[in-house]
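Remember, it's a predicted structure, so these values are computed and weren't measured experimentally. We name chains A, B, ... by the order of the sequence lines, and we start the count at 1 in each one. As a basis for the values below, the full set of heavy atoms in this structure was taken, side chains included, without hydrogen atoms, waters or symmetry mates.
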Amino acid sequence: MADKLILIDGNSIAFRAFYALPLLKNQSNLHTNAIYGFTLMLEKLIKEEQPTHFLIAFDAGKTTFRHETYKDYKGGRQKTPSELSEQFPYIRKLAEAYQIKHYEQDMYEADDIIGTLAKEATEKQLETIIVTGDRDLTQLASDYVTIYYTKKGVTEIDKYTPQFIQDLYGFEPKKIIDLKGLMGDKSDNIPGVPGVGEKTALKLLHEYGSVEAVLENLEHIKGKKLNENLTNHKEDALMSKQLATINIDAPINVTLADTLLPEKDESRKIALFQELDFKQMLEQLDSTTQVKEEKEIIINEAFNSFDFSSAQSMDIRIRCFQDNYLKNEIIGVGICVQGETFVVEPDTLVHNISFIEALKSSDVNKFVYDAKETKVLFNRLNIEIQGIAHCMMLATYLLDPALKIIDVAQSAQLHNVHYVESDEMIFGKGAKMHVPEQHILFKHIAAEVNAIHEVSPIQLEKLKELEQVELLTELELPLALVLAEMEMQGIKVNKETLKDMQNEIQVRLDGLVTRIHDHAGSTFNINSPKQLGVVLFEDLALDSPKKKKTKTGYSTAVDVLESLVGKHPIIEDILLYRTLSKLQSTYVEGLQKLIGEDGKIHTRFNQVIAQTGRLSSVDPNLQNIPVRLDEGRKIRKAFVPSEADSVIFAADYSQIELRVLAHITGDKGMLDAFNQGIDIHTKTAMKVFDVSKEDVTSNMRRQAKAVNFGIVYGISDYGLSQSLGITRKAAQEFIDNYLESFPNVKAYMNDIIQEAKQNGYVTTLLNRRRYIPDITSRNFNLRGFAERTAMNTPIQGSAADIIKLAMVHYNEQVKETDFKARLLLQVHDELIFEVPKAELEAFSLFVKNIMENAMDLDVPLEVEYNSGESWYEAK
DNA sequence: CTGATCACGC
DNA sequence: GACGTACGTGATCAGT
């Protein structure tokens with residue numbers, strides 16, 4: 001392969017990258033957009049050009065030999081923003097990681113270094129590419145030298161060959177300096193000749209050939225003003241040409257031989273990309289260059305005879321098919337212990353008593369990927385696993401809750417362990433999902449358990465740095481075990497109750513469908529927003545100020561429909577149809593499908609999804625069972641105790657988020673309200689409307705409640721305007737008024753935004769962390785959203801911390817009692833239990849006490865509770 | 001199979 | 001003034 005040299009104008013490309021990309025930041029708050037752009041450029045060049053020689057030239061210090069000619073050279077330039085200057089050291093590091101020579105020379109600019117080397121390369125007939133965002137360098141174009149000029153972004157370029165320049169300007173590359181001499185260069189503060197721009201300069205050069213020739217032929221040049229300017233600025237023109245001329249004999253200490261690229265070694269790239277959080281780059285590195293390393297796997301009978309009794313720690317990966325570990329088949333268990341890796345079928349486990357003993361021993365530390373799943377699966381094998389010391393999945397989540405957690409492979413890759421295949425590769429996806437041949441499966445499980453072994457210590461180090469070890473070991477890990485028990489316990493759902501509802505609702509739905517079709521004069525699918533939109537706004541030609549379009553047609557959302565009430569009788573029928581069909585399909589029918597043979601529903605709680613630290617619930621979602629409208633609330637009648645003589649018992653925190661807000665901000669008005677037991681919405685109304693308690697109308701309280709709601713959920717002025725049905729301006733005034741009324745809250749909101757900008761993240765009371773990269777975005781929406789996230793996450797996240805802590809405390813303490821009660825569900829600020837009637841009174845106080853004392857705040861936490869024959873009655 | 005729309009909870 | 005607006009799960013439709 002022929003030799004090829006690439007010369008990069010480092011400063012110029014860094015500037016281009018900086019302005020082309022949004023302001024990115026890594027976890028330690030370093031801006032990385034210029035570095036990232038630079039990296040993209042390097043990758044592209046290496047891949048497409050395959051250079052053998054490479055050099056990145058930088059400008060040295062402020063003064064250069066050009067300043068001797070003209071002291072104002074590059075004068076009047078804006079100061080380099082600090083967001084960019086902090087990146088320059090890393091761009092040099094980047095060069096080093098790529099094993100590319102970088103060079104700068106006192107008193108000279110990158111241009112001169114490049115020019116000098118290009119000359120040497122040309123003498124040796126070496127093909128050369130110069131990469132720059134500065135047109136000056138195009139003067140160097142020749143048969144051997146092509147200039148890659150960045151056009152847009154960092155990777156879109158024009159290739160300046162002599163021919164390209166000829167076509168563009170009508171002269172050879174060297175004449176670029178004459179062009180600059182006449183027209184000057186604003187960015188470098190090169191004066192040129194006043195009144196001469198690109199057009200005039202080109203015309204003159206085409207006629208006379210050079211600056212000198214133009215000046216010698218002044219008498220022939222027409223145009224009084226032009227002639228006068230040229231005459232008066234002869235010196236400027238000559239000086240400008242001199243300034244624009246690149247020195248190709250600079251006294252540099254670098255030769256072509258120094259630019260030779262050594263043998264490829266990616267190791268330093270990995271370390272740097274990790275420091276910079278260039279996750280995509282790391283992945284690419286993996287897929288293109290990394291050799292898959294694999295430990296030897298022992299899939300063997302040796303497991304049976306291996307003695308686990310001296311093991312102090314093990315890595316365990318137990319797997320079932322697909323994601324529902326509560327019922328799907330268990331297909332393999334991987335164990336990493338004392339340097340050996342075993343993978344066995346679940347039936348094999350029981351043959352090794354020492355292994356079972358080790359599993360049950362809390363003295364043997366277990367490192368796992370998913371603590372909750374592991375606990376459940378071993379439980380299904382009738383083994384009580386103890387001593388789970390680390391959960392790789394939870395650690396991944398705590399380190400960055402924004403990550404979409406997928407599988408061991410993905411978690412491992414974040415810590416640069418690349419030998420695990422993705423689950424999708426092994427099992428396939430969608431309808432084609434299947435258990436692969438055993439040797440493939442076992443190899444995969446072995447890779448997973450090895451990755452757990454390798455990655456867990458790295459994660460623990462990271463967690464230590466972020467002071468999150470306690471959050472993992474004292475909160476999330478013990479919580480995972482509580483959740484496992486809740487999932488296995490399940491909640492009894494009475495199928496008959498749902499069946500009866502289903503029949504009743506179906507009759508009403510059938511009637512509504514007929515009536516709606518009659519009103520419309522045609523039969524159509526009411527469930528199709530698209531068809532419904534056409535019927536309402538075209539066939540019936542209804543109109544309302546709320547009428548709006550979505551990407552696919554008219555919006556038929558509830559607020560639009562409500563604005564049409566009274567204009568046509570069809571609307572009320574549609575609204576009712578909507579409500580009932582949602583109830584029917586999602587709840588009445590949906591829930592029945594999930595009732596198991598034990599008559600119970602076993603939801604699964606997802607502990608690693610919500611950005612704020614809340615839990616979520618799937619298969620089914622039992623955190624959004626209707627409650628607001630009685631029609632829907634009746635669904636809860638089907639949720640009943642599983643044991644005789646028991647009741648459903650629900651205990652919920654009252655206003656937990658606003659109490660957290662009062663605690664965090666220390667706002668006196670708010671603290672007082674909670675400490676004196678005044679209704680917080682009334683108190684808010686008193687403050688915002690500046691009236692006494694007696695004068696707070698129900699409407700005032702309703703509005704105050706909406707504002708409090710907005711504060712808790714971080715909604716925008718727009719969101720508030722929607723929920724109150726007022727203008728956005730009025731909503732903004734409300735918010736302003738609110739913040740004036742609670743000055744410490746206002747101060748907190750400002751401080752937390754500053755903090756987010758400073759650190760790049762916000763934290764909760766228990767040091768849960770959420771990164772907010774968009775807080776510095778120049779996009780108004782993204783930034784606004786980020787600001788509301790910064791304000792809201794510490795509140796909602798701390799509330800989540802508190803109830804999680806209460807659950808862990810509950811689990812610890814209930815073991816010391818004789819209560820037979822069972823924790824069934826968590827719904828963000830409430831816990832649902834089933835409790836034998838005989839112990840109800842004592843248990844109520846027990847739970848209330850634990851919940852109210854979960855954490856010590858500057859305001860009391862208050863818990864209300866109720867019980868009844870079903871969840872419906874426990875209100 | 002994916003994206004859009006809608007609706008339910010906190 | 002932009003532009004699309006707390007989070008999460010699930011059902012359904014309508015494109016590929």
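Rounded to a whole Å, the CD atom of A:Gln796 is 8 Å from the C1' atom of B:dC10. Rounded to whole angstrom, the span from the CD atom of A:Gln722 across to the P atom of B:dA7 amounts to 14 Å. Atoms CG (A:Asn624) and P (C:dG10) sit 8 Å apart, rounded to a whole Å. Rounded to whole angstrom, the span from the CZ atom of A:Phe780 across to the P atom of C:dC3 amounts to 11 Å. The distance between atom CG of A:Asp652 and atom P of B:dG9, rounded to the nearest whole Å, is 15 Å. Atom CD in A:Glu787 sits about 15 Å away from atom C1' in C:dG4, given to the nearest Å. Rounded to an integer number of Å, the gap from A:Ile609 CD1 to C:dC7 C1' is 11 Å. Taking atom CZ of residue A:Phe605 and atom P of nucleotide C:dC7, one finds them 21 Å apart after rounding to whole Å.
Taking side-chain N and O atoms only, A:Thr789 has no distance below 4.0 Å to OP1 or OP2 of C:dA6. Listed pair A:Lys530 / C:dG15 meets the phosphate criterion, a side-chain N or O lying under 4.0 Å from OP1 or OP2. In this model, the phosphate group of C:dC7 is not approached by any side-chain N or O of A:Ser616 to a distance below 4.0 Å at OP1 or OP2. Between A:Thr550 and B:dT5 there is a side-chain polar atom (N or O) within less than 4.0 angstrom of OP1 or OP2. Residue A:Arg633 places no side-chain N or O under 4.0 Å from the OP1 or OP2 atom of B:dG9. A close approach under 4.0 Å does occur between a side-chain nitrogen or oxygen of A:Gln531 and OP1 or OP2 of C:dA14. Regarding contacts with the backbone of C:dT12, every side-chain N or O of A:Ser581 stays at 4.0 angstrom or more from both OP1 and OP2.
Checked by distance alone, A:Arg578 brings no side-chain donor or acceptor within 3.5 Å of a matching partner on the base of B:dC6. A donor N or O paired with an acceptor N or O is not found under 3.5 Å between the base of B:dG9 and the side-chain atoms of A:Arg636.
If you check every strand for non-hydrogen atoms under 4.0 Å, A:Asn525 touches sugar and phosphate atoms only. Note on A:Val712: nothing from the nucleic acid sits closer than 4.0 angstrom, heavy atoms only.
As rounded to the nearest Å, B:dT5 and C:dT5 have P atoms that lie 10 Å from one another. Comparing the P positions of C:dG4 and B:dA4 gives a spacing of 12 Å, expressed to the nearest Å.
Position along DNA chain C of the nearest nucleotide to A:Ser528 versus A:Lys593 favours A:Lys593 as the more 5'-ward residue. Toward the 5′ end of DNA chain C lies the nearest nucleotide of A:Thr612, the other residue of the pair A:Gly590 and A:Thr612 mapping further downstream.
With a 3.5 Å ceiling on both atom-pair distances, C:dC3 lacks any Watson-Crick or G-U wobble partner. Partner assigned to B:dA7 is C:dT9, using Watson-Crick or G-U wobble distances below 3.5 angstrom.
Taking the ring centre of A:Tyr872 as origin, the terminal cationic atom of A:Lys875 falls inside the region bounded by 6.0 Å and 45° from the ring axis.
Note: A:Lys757 NZ to A:Thr776 OG1 = 8.5 Å, rounded to the nearest 0.5 Å.
A salt bridge links A:Glu476 with A:Lys804: the distance from a Lys NZ or Arg NE/NH1/NH2 to an Asp or Glu carboxylate oxygen falls below 4.0 Å. Between A:Arg515 and A:Glu572 there is no salt bridge, since none of the side-chain N atoms of the basic residue sits less than 4.0 Å from a carboxylate O of the acidic one. Under 4.0 Å is where a charged nitrogen must lie from a carboxylate oxygen, and between A:Lys637 and A:Glu873 at least one such pair does.
Within the 6.0 Å centre-distance limit, the rings of A:Phe833 and A:Tyr810 are counted as a close aromatic pair.
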